[in-house]
*Asks:* 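Got a structure here, written out as structure tokens. Questions coming.
So that the names make sense, note that chain A is the first sequence line, chain B the second, and so on, each numbered from 1.
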There are 2 protein chains.
Amino acid sequence: MNKPVTIKDIAKKFKCSPSTVSRALNNHPSINEDTRRNLQEYAQKVGYQRNQVSLSLLNKKTATIGVIVPTINNYHESAIIEGIEAVLQPLGFTLNICVTNEQYVLESEYVNKLLSNRVEGIFLSVSQETYDSGHYEHLEQIKKRSIPLIFIDREYEGFATGSVIIDDYHGAFSAVEHLVKMGRKRIAHLKGPNGMAVAEERLRGYVECLKKYDLPVDEHLILNTNFKVESAIEPVTKLMSLPELPDAVFGVNDQVAIGAMKVIRDKGLSIPGDIAVAGFDNSPISAYIYPSLTSVARPGRQIGIEAAKIFADYLQQSSGKEFSTKHIVLPSELIVRESTMGGG
Amino acid sequence: MNKPVTIKDIAKKFKCSPSTVSRALNNHPSINEDTRRNLQEYAQKVGYQRNQVSLSLLNKKTATIGVIVPTINNYHESAIIEGIEAVLQPLGFTLNICVTNEQYVLESEYVNKLLSNRVEGIFLSVSQETYDSGHYEHLEQIKKRSIPLIFIDREYEGFATGSVIIDDYHGAFSAVEHLVKMGRKRIAHLKGPNGMAVAEERLRGYVECLKKYDLPVDEHLILNTNFKVESAIEPVTKLMSLPELPDAVFGVNDQVAIGAMKVIRDKGLSIPGDIAVAGFDNSPISAYIYPSLTSVARPGRQIGIEAAKIFADYLQQSSGKEFSTKHIVLPSELIVRESTMGGG
DNA sequence: CAAAAAATTTCAAACGTTTGCGAATGCTAT
DNA sequence: ATAGCATTCGCAAACGTTTGAAATTTTTTG
């Protein structure tokens, strides 16, 4: 690694002080026009790049924000990150992205590392294990330092800070209601992991909708998955061997819905003829697979944008105020496609 | 933002010097057992967190590496990032992820920012616009500073540095060869953007395979896409209106293959009965859609791992050596599924 | 008890940059 | 000639931490 050229190096070369060089490069008015031009030209020539690290130390500002997510391996998460980038990149911020893989220890370690790196804000989508463990000391650390913390997608409700989530409850409700209105009476649900807010909310939407239409809530029709396509295979296979088959399946996301579709087809049943299927996420391919998948649209990019805006607004006022505890709930919209069309 | 407690603060409290505090917290042997314990307990109590920024300045090491990718919005890219994380996170490195959205200006800006932030290495997947423009000054900057640069997935061939890519040529070749052996004679190709190495290599594999089997290379059967599922719709629609239909379609990735499948189905044609379809990426859902999609597996995570290993090895030796120019080409493997099975 | 040895602590410099304040220089007006 | 002013530049401190060497204190030894 070649030593980067510093302001001191330039100063030595020109037999002037570092202050002069610094001022010249920053177009400070009290610098002679000639010396300014000379210094700037030389700096350009030798490829001088200001050392942001030293500046960060001096100004106590790093222009860096941390983003902690359970995974980036699917459309929704990466859309969120893109949204954050879209807002914060023009403001000069750099994103420090950490993937917890749903592990509490990693989440905790990352929080420490980010605080140690003096990030100016943290966007966090709480990991599965953290929900399970109920440990939130790492979040207290963030609060203690009063660094802006914004929950994205998955929040910890006992914590007063900003958050941007979507309306999982109504999204799920509308999907199930649609199935009911299409004449479905035995609607199964492939739910997400226990304790996770998004999963629980969707389950609640499912249950409440069934109740509203006086349909029984059958425990045998509610099965666990972990959001991944593979995790749907075994539970749906079990579902398909019940004495009385369901006539619809509502998946906690598109992945498990697609997994369900495969099992159903392999059983020789038709979609939506025998069994209707609906998902959640409206991932790009959902419109293109066969049959195209009815799904609840989840504006990932918008989540990222709104979250970043909360942060940007906070910076703007910068009057030493407390950080916002604004909760934004974005609407989710049902997109009806072939997989649920036509009578049951 | 609360001022973080510093070593000086602690020193003042204990009426000792900062050096003592520093040594105590780092378990330096020449510190009295009692004072060490006291200081550590106090530091713990007040939530002291060492300021990495100042350390970075002092040691000229940031333990940060930059990752510049055109997009993170699909399975392959995010798999690469996960691979890099998997290797570098345990080594204490932080990832600085930048999304160029295929734009040259952003790529260039990001390089500058990363250099300014004194990252210790840069992983780069060259953007589309950069290929088009042929501008590589920003890469020269990296070289000048002799910061390890590793191309992932998309390389700039005129540049002597490490790279990890997959064998796009043979991957495409094997997919087309498979189609030929299944009796297909008019095989269309949905290619990627011009000038992009991965796209060109796959096109080359397609062309060379046709030549090997004495099949004509028909310009009308080679159509442009931009990797996205939507971008396949119009070209394939055009394809379906040719006087003589193709009997197979090979997509530059799974997305466009899935787009093609939709158009073909909408035309009332069967897959693979009338037209076989193959893709590239082996994305997770390819096994679960209907019909399941034949695809060339592309080990994204492995790319990330190998790239990170090149970097880690370089650190290891650290003998001021030149950075590796090792080129790793990972094999790609054809996964045959329903969409190409059975005679044409 | 004095001197030597060991243990513990402090000093000072360094990393690269910015910035308020004072100093030096040149110029103008009296 | 000289006071006054404007222009241009340098000094020194600061950000938080580490570390070799020096200084101090404590312990050991003869």
*Asks:* Can you work out whether B:S17 or A:V5 has the more 5'-proximal nearest nucleotide on DNA chain C?
*Replies:*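 Per heavy-atom nearest nucleotide, the more 5' residue is B:S17.
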*Asks:* If I take atom CD1 in residue A:I7 and atom P in nucleotide C:dC15, what distance separates them, rounded to the nearest angstrom?
*Replies:*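 Going from CD1 in A:I7 over to P in C:dC15 covers 14 Å.
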*Asks:* From CD1 of B:I31 over to P of C:dA7, roughly how many Å is that when rounded to an integer?
*Replies:*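 One finds 14 Å between P of C:dA7 and CD1 of B:I31, rounded.
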*Asks:* Checking all strands, does B:N59 fall into the base, sugar-phosphate, or nothing category for heavy-atom contacts under 4.0 angstrom?
*Replies:* nothing
*Asks:* Whole angstroms only, please: what is the NZ-P distance between B:K8 and D:dA14?
*Replies:*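 Distance, rounded to whole Å: 8 Å.
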*Asks:* Give the minimum heavy-atom separation between B:V99 and A:E85, together with the two atoms involved.
*Replies:*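 Closest approach of B:V99 to A:E85, heavy atoms only: N-OE2, 3.8 Å.
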*Asks:* Whole Å only: how far is the CG atom of A:N27 from the C1' atom of C:dT18?
*Replies:*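 To the nearest whole Å, that distance equals 15 Å.
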*Asks:* In whole Å, what is the span from the CZ atom of B:R36 to the C1' atom of C:dT9?
*Replies:*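 Checked: the CZ to C1' distance equals 16 Å.
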*Asks:* Report yes if the side chains of A:I81 and A:F123 come closer than 4.5 Å at any heavy-atom pair, otherwise no.
*Replies:* no
*Asks:* Determine: side-chain N/O of B:S54 to OP1/OP2 of D:dC15, distance under 4.0 Å, yes or no.
*Replies:* no
*Asks:* Could you tell me the separation between the CD atom of B:Q52 and the P atom of D:dT18, rounded to a whole number of Å?
*Replies:*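 Atom-to-atom, B:Q52 to D:dT18, this comes out as 9 Å.
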*Asks:* Identify which nucleotide among D:dC9, C:dG16, D:dT18 has an atom closest to any side-chain atom of A:N32, counting heavy atoms from C-beta outward.
*Replies:*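 Of the options given, the side chain of A:N32 lies nearest D:dC9.
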*Asks:* Output the single nucleotide from C:dT18, D:dG16, D:dT18 whose closest atom is nearest the side chain of A:L57.
*Replies:*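 Looking only at side-chain atoms, A:L57 lies closest to D:dG16.
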*Asks:* Give a yes/no on whether any side-chain N or O of A:K60 is located under 4.0 angstrom from OP1 or OP2 of D:dA14.
*Replies:*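 Result: no.
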*Asks:* Touch check for B:T35, heavy atoms < 4.0 angstrom, all strands: base, sugar-phosphate only, or nothing?
*Replies:*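 Sugar-phosphate, no base atom in range.
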*Asks:* Within the structure provided, determine whether A:F151 and A:L139 are in side-chain contact (heavy-atom separation under 4.5 Å).
*Replies:* yes
*Asks:* May I have the distance from B:K12 (atom NZ) to C:dT10 (atom P), rounded to whole angstrom?
*Replies:*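 Checked: the NZ to P distance equals 15 Å.
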*Asks:* Here's a test for you: under side chain to side chain contact (heavy atoms under 4.5 Å, CB included), which of A:L95, A:I122, A:L114 qualifies with A:I65?
*Replies:*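 Among A:L95, A:I122, A:L114, the one meeting side chain to side chain contact (heavy atoms under 4.5 Å, CB included) with A:I65 is A:L95.
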*Asks:* If I take atom CZ in residue B:R50 and atom C1' in nucleotide D:dT18, what distance separates them, rounded to the nearest angstrom?
*Replies:* 10 Å
*Asks:* Hey, does the side chain of A:Q128 reach the backbone of A:M196 with a donor-acceptor pair shorter than 3.5 angstrom?
*Replies:*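 No; zero donor-acceptor contacts below 3.5 Å.
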*Asks:* Contact class for A:T6 (heavy atom, under 4.0 Å): base, sugar-phosphate, or nothing?
*Replies:*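 The residue A:T6 makes sugar-phosphate contact but no base contact.
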*Asks:* Below 4.0 angstrom from OP1 or OP2 of D:dC15, is there any side-chain N or O of B:N51?
*Replies:*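 Result: no.
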*Asks:* Mind listing the closest non-hydrogen atom pair of B:A312 and B:L91 along with its distance?
*Replies:*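 Taking every non-hydrogen atom into account, CB-CD2, 4.0 Å.
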*Asks:* C:dT10 phosphate, OP1 or OP2: any side-chain N/O from B:T20 under 4.0 angstrom?
*Replies:*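 Result: yes.
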*Asks:* Is it the case that D:dC11 (base atoms only) and A:S19 (side chain only) share a donor and an acceptor within less than 3.5 Å, ignoring hydrogens and angles?
*Replies:* yes
*Asks:* Just checking B:Y48: base, sugar-phosphate only, or nothing, at a heavy-atom cut-off of under 4.0 Å?
*Replies:*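 It contacts sugar-phosphate atoms only.
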*Asks:* D:dG10 base to A:R23 side chain: any donor-acceptor pair below 3.5 Å?
*Replies:*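 Flag set: donor-acceptor pair detected.
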